[in-house]
Novice: 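I have a structure I would like to understand better, so I am pasting it below and will then ask my questions one at a time.
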Amino acid sequence: MNASSKTSEPLRQRRKQARPSELSAAALELFVEKGFAATRLDEIAARAGVSKGTLYLYFDSKEALFTAVIRDGIVPLIESAEAQLSGMLDDPEGMLRAILFAWWDNVGATPLGGIPKLMIAEAMNFPDVARFYHQNVIERGRRMVEAAITRGIERGLFRPVNLDQTVSLFFVPAMHIAVWRHSLAFCEACQQDPREFLENFLQIFLRGLRATEKGTP
């Protein structure tokens, strides 16, 4: 084997290893642009610069591609957040702030921010993907928020609340701004600043959650 062949082998191997992520990135772009149901596998292959046959070497369906987008794009972010935030339980307000803005910076403000809209639109049509998203993203995110609120109540910083409802309420503005960004935002003459929107929500949310201090109405 000559030197050129030796050099090209690792390059081909790296290229082969990169293809699944390239295909999932192309799939996400098209899913957000066209919707999940309207996107064809040959379009994904073309966007990624490979043949449809090559795509089938890695993924046997659009559902498998969508699952890969969630597994490779969002799940690692959840795992990282779980590890980082576990040390913030003694600062429940700071933990809630960190969760909200980490979600926006790493998901909402990126191409991954199109996934909530896709899930709302397509969940009933592709239940296996929806279940994967719910178990690996929604449920784990809820557990982090629930831990912060529970600790705040235990320490007397937050008033007792309906935990399930309050956790759901925490995520509503984040979902809204992500869906709005990928739907009706183009209609606004003056675009909202997402971080200002979320900061305003967080101030109102925390004010309602804080325990009433003695002598304070």
Side-chain angles (χ1 to χ4, degrees), residues 14 17-29 31-32 48 58-59 63-120 123 128-155 157-158 163-164 166-182 193-199 201-203 205-206 209:
R14 289 196 299 272
Q17 292 171 347
R19 276 182 181 146
S21 61
E22 292 170 354
L23 287 163
S24 61
L28 176 60
E29 289 177 3
F31 291 159
V32 173
Y58 301 96
F59 303 103
E63 289 88 343
L65 260 169
F66 198 0
T67 300
V69 168
I70 298 166
R71 184 189 63 239
D72 301 336
I74 297 183
V75 171
L77 299 174
I78 295 286
E79 292 172 346
S80 176
E82 287 171 337
Q84 293 176 10
L85 295 172
S86 62
M88 294 185 66
L89 278 172
D90 286 334
D91 180 15
E93 287 197 13
M95 188 173 175
L96 291 173
R97 174 177 293 278
I99 292 170
L100 186 64
F101 286 100
W103 180 89
W104 175 253
D105 292 339
N106 296 302
V107 178
T110 76
L112 294 169
I115 290 179
K117 178 190 171 188
L118 287 167
M119 297 311 306
I120 291 169
D128 288 342
V129 178
R131 290 189 191 97
F132 181 86
Y133 181 79
H134 192 273
Q135 292 170 2
N136 291 278
V137 178
I138 294 177
E139 288 184 4
R140 292 170 75 171
R142 286 183 64 90
R143 284 197 291 269
M144 285 189 283
V145 174
E146 183 175 321
I149 295 174
T150 299
R151 189 54 173 265
I153 294 170
E154 291 172 348
R155 296 189 60 200
L157 301 172
F158 298 158
L163 202 54
D164 286 342
T166 306
V167 171
S168 295
L169 178 62
F170 180 82
F171 285 109
V172 169
M175 290 288 289
H176 163 77
I177 200 69
V179 172
W180 187 266
R181 182 170 175 257
H182 290 276
D193 181 281
R195 291 186 67 86
E196 287 184 8
F197 175 88
L198 293 175
E199 179 64 37
F201 155 73
L202 188 62
Q203 292 298 326
F205 181 84
L206 291 174
L209 194 56

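For clarity, every value in this text was computed on a predicted model and none was experimentally measured. Here, residue 1 is the first one in the sequence, and each next residue gets the next number.
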Novice: Would Phe170 and Ile99 satisfy side-chain contact (heavy atoms from CB on, under 4.5 Å), going step by step from the backbone distance to the final call?
Specialist: CA-CA 10 Å; Phe170 180 82; Ile99 292 170; 4.0 Å; yes
Novice: Where is the tightest heavy-atom contact between Ala48 and Glu22, given as atom of each residue plus distance?
Specialist: CB-O, 4.1 Å
Novice: Indicate the atoms forming the closest heavy-atom contact of Phe132 with Ile70, along with that distance.
Specialist: CE2-CG2, 3.8 Å
Novice: Measure the spacing between CG of Asn106 and CG of Leu112 and express it to the nearest 0.5 Å.
Specialist: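 Reported to 0.5 Å precision, the distance equals 9.0 Å.
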Novice: Might you point out which heavy atoms bring Leu100 and Ala174 nearest each other, and give the distance in Å?
Specialist: CD1-CB, 4.2 Å
Novice: So, does Ser24 use its side chain to make a donor-acceptor pair with the main chain of Ser21 at under 3.5 Å?
Specialist: yes
Novice: Can you name the nearest heavy-atom pair linking Met119 to Ala130, along with the distance?
Specialist: CE-CA, 3.4 Å
Novice: Quick one: does Arg181's side chain get under 4.5 Å of Lys117's, heavy atoms only?
Specialist: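 Side chain of Arg181 against side chain of Lys117, heavy atoms only: no contact under 4.5 Å found.
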Novice: Mind checking the CG-OG1 spacing from Leu77 to Thr110? Nearest 0.5 Å is all I need.
Specialist: 8.0 Å
Novice: Taking C-beta and beyond as the side chain, do Phe205 and Thr166 meet within less than 4.5 Å on heavy atoms?
Specialist: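 Sidechains of Thr166 and Phe205: in contact.
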Novice: Could you tell me the separation between the CZ atom of Arg19 and the CG atom of Leu23, rounded to the nearest 0.5 Å?
Specialist: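 Taking CZ in Arg19 and CG in Leu23, the distance rounds to 8.5 Å.
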Novice: Can you measure from CZ (Phe66) to CD1 (Ile115) and round to the nearest 0.5 angstrom?
Specialist: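 Output value for this atom pair is 5.5 Å.
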Novice: What do the steps show when you test Ile78 against Asn136 for side-chain contact (heavy atoms from CB on, under 4.5 Å), and what is the final call?
Specialist: CA-CA 8 Å; Ile78 295 286; Asn136 291 278; over 6 Å; no
Novice: So Leu118 and His182, do their side chains get closer than 4.5 Å, heavy atoms only?
Specialist: no
Novice: Tell me, do Asp128 and Arg131 make a side-chain contact under 4.5 Å, heavy atoms counted?
Specialist: yes
Novice: Check whether any side-chain heavy atom of Phe158 lies under 4.5 Å from a side-chain heavy atom of Leu96, and answer yes or no.
Specialist: yes
Novice: Provide the closest heavy-atom pair for Asp90 versus Arg151 in the form atom of the first, atom of the second, distance.
Specialist: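 Looks like OD1-NH2, 2.7 Å.
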Novice: Before giving the answer on side-chain contact (heavy atoms from CB on, under 4.5 Å), spell out for Phe201 and Val172 the whole-Å C-alpha distance, their side-chain angles and the decisive distance to 0.1 Å.
Specialist: CA-CA 10 Å; Phe201 155 73; Val172 169; over 6 Å; no
Novice: Does some side-chain heavy atom of Val167 sit less than 4.5 Å from a side-chain heavy atom of Arg143?
Specialist: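 SC-SC contact between Arg143 and Val167 ruled out.
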Novice: What's the shortest heavy-atom distance between Ser168 and Arg142, and which atoms?
Specialist: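 What the structure gives for the nearest pair is OG-NH1, 2.8 Å.
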Novice: Just how far is it from atom CZ of Arg155 to atom CG of Leu89, taken to the nearest 0.5 Å?
Specialist: 10.0 Å
Novice: Considering only heavy atoms from C-beta outward, does the side chain of Thr67 approach that of Phe59 to under 4.5 Å?
Specialist: no
Novice: Please report the interatomic distance CD(Glu93) to CE(Met88), rounded to the nearest 0.5 Å.
Specialist: 11.0 Å
